[in-house]
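I have placed the structure first, in the form of structure tokens, so that the comments after it can refer back to it.
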Amino acid sequence: MHWRKSTYSDGGDGDTCVEIATLPARIAVRDSKAPARATLSFSTPAFTALIDHLKEHPWSEGRLPG
């Protein structure tokens, strides 16, 4: 599996690093600081919907909405 770091992961103290890997029908996501830990896997349409939602409703300063 080929992992690549998100282009949005270079800010702050370097502690917000996310990596993704493209699979035939899925997108895998992991924390680059702990690559041996759990990996999330999304269908390609679900991952696209997640990214589109985050672009429309960005979180600021790491705060969760609500």
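One-based numbering along the sequence shown. Quick note: numbers below take in every heavy atom, side chains included, and nothing from hydrogens, waters or symmetry partners.
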### Task
Treat each ILVMFWY residue as a node, draw an edge where side-chain heavy atoms are under 4.5 Å apart, and state whether Trp3 and Phe47 are in one component.
no
#### Entry: Cluster check Phe42, Ile51: I/L/V/M/F/W/Y, side chain < 4.5 angstrom
yes
First locate atom [atom1] of [X], then atom [atom2] of [Y], and finally report the distance between them rounded to the nearest 0.5 Å.
| X | Y | atom1 | atom2 | answer |
| --- | --- | --- | --- | --- |
| Leu23 | Thr44 | CG | OG1 | 8.0 Å |
| Met1 | Ile20 | CE | CD1 | 12.0 Å |
| Asp52 | His57 | CG | NE2 | 10.5 Å |

Looking only at heavy atoms, which two atoms of [X] and [Y] are closest? And how far apart?
| X | Y | answer |
| --- | --- | --- |
| Glu19 | Lys5 | CG-CA, 4.0 Å |
| Pro35 | Ser32 | CD-O, 3.5 Å |
| Ala38 | Arg30 | O-CB, 4.5 Å |

### Task
Applying side chain to side chain contact (heavy atoms under 4.5 Å, CB included), run through Val18 and Asp31 and close with a yes or a no.
CA-CA 5 Å; Val18 174; Asp31 181 344; over 6 Å; no
### Query
Should Thr39 and Val29 count as side-chain neighbours, where that means a heavy-atom distance under 4.5 Å?
no
